[in-house]
Amino acid sequence: MFQSLKCIGILTSGGDAPGMNAAIRAVTRTAIYNDIEVKGIYRGFKGLITGEIEPFKTNSVSNIIQRGGTILKSARCEEFLDPEGRKIAYDNLVKHGIDALVVIGGDGTLTGAAVFAREYNIPVVGLPGTIDNDLSGTDVTIGYNTALNTIVEAVDKIRDTASSHERLFFIEVMGRNCGALALNSAIAAGAEAAIIPEISIEKDQLHEFISQGFRKSKNSSLVLVAESEITGGALLLAERVKSQYPQYDVRVAILGHLQRGGSPTAQDRILASRMGYAAIQALLESQRNIMVGVRNEEIVYVPFSQAIKKEKPINPDLVKILNVLST
Ligand code: F6P
């Protein structure tokens with residue numbers, strides 16, 4: 001048991017993800033169940049610096065499991081990149097009697113948390129909260145499943161107009177540099193192709209798709225494009241089609257931030273609840289500077305160094321399945 005674990009601070013940082021509230025609830029209630037005080041830190045690391053910190057009770061997290069976004073708000077905090085900013089943050093932790101932190105966010109959040117933990121020797125546990133599913137060390141991140149379902153619902157709707165007008169649609173989805181959302185939503189929506197950064201370096205996916213005769217016997221085509229400098233994004237691909245293959249009637253839909261909103265799916269709520277519970281168990285077991293992950297349905301603790309700044313390879317079987325099923 002971690003001797004001085006009397007009070008934890010919790011924050012969400014970076015892009016919000018559906019299920020973050022369920023994670024905040026799980027962390028808060030598991031901590032209180034174990035007689036640990038909880039302080040909510042608002043606006044991510046920014047709130048640590050500005051001192052926007054307040055006690056959380058059991059009912060502070062009532063009626064939030066079903067809500068998207070994050071009740072703690074989120075921010076991308078430049079000042080925290082600076083050692084002086086982190087010193088102020090540390091002083092605020094001490095002032096508020098916080099002796100461990102639970103941070104919920106993506107790669108940037110966990111990178112900041114790892115630096116802070118090392119610098120000030122504070123126990124920190126991270127939860128992977130991002131729609132991108134780009135963190136290695138966990139099969140899935142909080143928010144990914146909801147975003148995937150949101151995308152599929154949108155693509156189903158675009159299909160109606162695409163097929164009515166016999167058009168080629170490029171639908172751009174988020175993911176930073178990760179093709180997981182694009183590839184899996186393409187399979188789930190029965191799209192013709194996915195153009196993803198993990199493959200773009202190896203080959204010209206647009207050329208391949210067109211040269212294989214994308215229309216075949218179909219009267220429309222849907223191509224999911226992962227946002228990324230590597231793929232060039234949907235607008236660039238559409239421009240290429242217009243100039244190189246003018247016979248095609250092409251349109252673009254960029255789904256944007258609607259992918260981050262909405263009520264979390266049951267799967268995300270359960271994942272967030274399991275991970276939030278595990279974060280407190282980890283601290284009680286004196287684990288520190290780890291991210292909670294899930295591998296093959298089991299909770300795992302992954303050192304920050306293995307969770308961040310690493311490539312998360314895509315499953316080549318999924319690429320093959322998409323190719324075969326779209327013939
Ligand atoms: O990391 C989550 C994410 O939604 C990415 O998919 C996207 O590239 C980025 O955040 C967008 O960030 P912002 O909301 O700051 O524009």
Side-chain angles (χ1 to χ4, degrees), residues 11-23 42-47 68-81 103-114 126-155 170-186 194-198 200 224-237 252-265 268 271-272 275 291 293 304 307-312 314:
L11 61 83
T12 50
S13 168
D16 61 298
M20 279 184 164
N21 282 328
Y42 286 86
R43 298 178 177 80
F45 295 117
K46 202 182 185 98
T70 159
I71 60 159
L72 284 173
K73 314 284 182 200
S74 193
R76 301 190 197 273
C77 178
E78 293 290 317
E79 299 96 303
F80 200 71
L81 300 175
V103 303
I104 309 170
D107 194 73
T109 302
L110 299 186
T111 303
L127 297 188
T130 167
I131 64 165
D132 300 337
N133 202 22
D134 59 347
L135 286 163
S136 48
T138 186
D139 292 344
V140 70
T141 55
I142 296 166
Y144 171 67
N145 182 264
T146 306
L148 198 53
N149 280 289
T150 301
I151 294 168
V152 171
E153 204 182 319
V155 176
F170 288 109
I171 305 163
E172 184 177 301
V173 298
M174 284 184 167
R176 248 178 355 146
N177 285 317
C178 176
L181 281 171
L183 179 58
N184 286 289
S185 59
I195 296 188
I196 58 175
E198 292 85 345
S200 299
L224 270 292
V225 181
E227 63 165 6
S228 156
E229 279 176 12
I230 301 170
T231 62
L235 285 169
L236 194 101
L237 291 168
V252 166
I254 297 176
L255 298 189
H257 285 79
L258 74 82
Q259 296 162 86
R260 287 228 300 253
S263 178
T265 56
D268 268 328
L271 179 71
M275 286 182 162
M291 181 191 82
F304 280 146
I308 51 186
K309 302 271 175 246
K310 289 212 165 158
E311 293 275 298
K312 185 174 189 174
I314 47 146

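Counting begins at 1 with the first residue of the sequence. Predicted model, so just to flag it, every value in this text is computed and none were measured. In each ligand, atom 1 is the first atom listed, and ligand 1 is the first ligand listed.
With contacts defined as side-chain heavy-atom distances shorter than 4.5 Å, the pair T70/N21 qualifies. Side-chain atoms of P128 and M291, non-hydrogen and from C-beta on, do get closer than 4.5 Å to each other. Residues N133 and K312 meet the side-chain proximity criterion, which asks for heavy atoms closer than 4.5 Å.
Partners of E153 under the salt bridge (Lys or Arg N to Asp or Glu O under 4.0 Å) rule, at least two apart in sequence or in another chain, are K157. Taking the ring pair (Phe, Tyr, Trp, His ring centres under 6.0 Å) definition, one finds that F170 meets it with nothing, sequence neighbours left out. Every residue two or more places apart in sequence or in another chain that forms a side-chain contact (heavy atoms from CB on, under 4.5 Å) with D134 is listed here: T130, D132, R176, C178.
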Could you list each nitrogen or oxygen of ligand 1 that sits under 3.5 Å from a protein nitrogen or oxygen, with the atom names and the distance?
unit_1   : atom_1 : unit_2 : atom_2 : d
ligand 1 : 1 (O)  : D132   : OD2    : 2.7
ligand 1 : 4 (O)  : R260   : NH1    : 2.7
ligand 1 : 6 (O)  : D132   : OD1    : 2.7
ligand 1 : 6 (O)  : G175   : N      : 3.2
ligand 1 : 6 (O)  : E227   : OE2    : 3.3
ligand 1 : 8 (O)  : E227   : OE2    : 2.5
ligand 1 : 10 (O) : R76    : NH2    : 3.1
ligand 1 : 10 (O) : R260   : NH1    : 3.1
ligand 1 : 12 (O) : R76    : NH2    : 2.9
ligand 1 : 14 (O) : H257   : NE2    : 2.8
ligand 1 : 14 (O) : R260   : NH1    : 2.9
ligand 1 : 14 (O) : R260   : NH2    : 2.9
ligand 1 : 15 (O) : R76    : NE     : 3.1
ligand 1 : 15 (O) : R76    : NH2    : 3.3
ligand 1 : 16 (O) : H257   : NE2    : 3.3

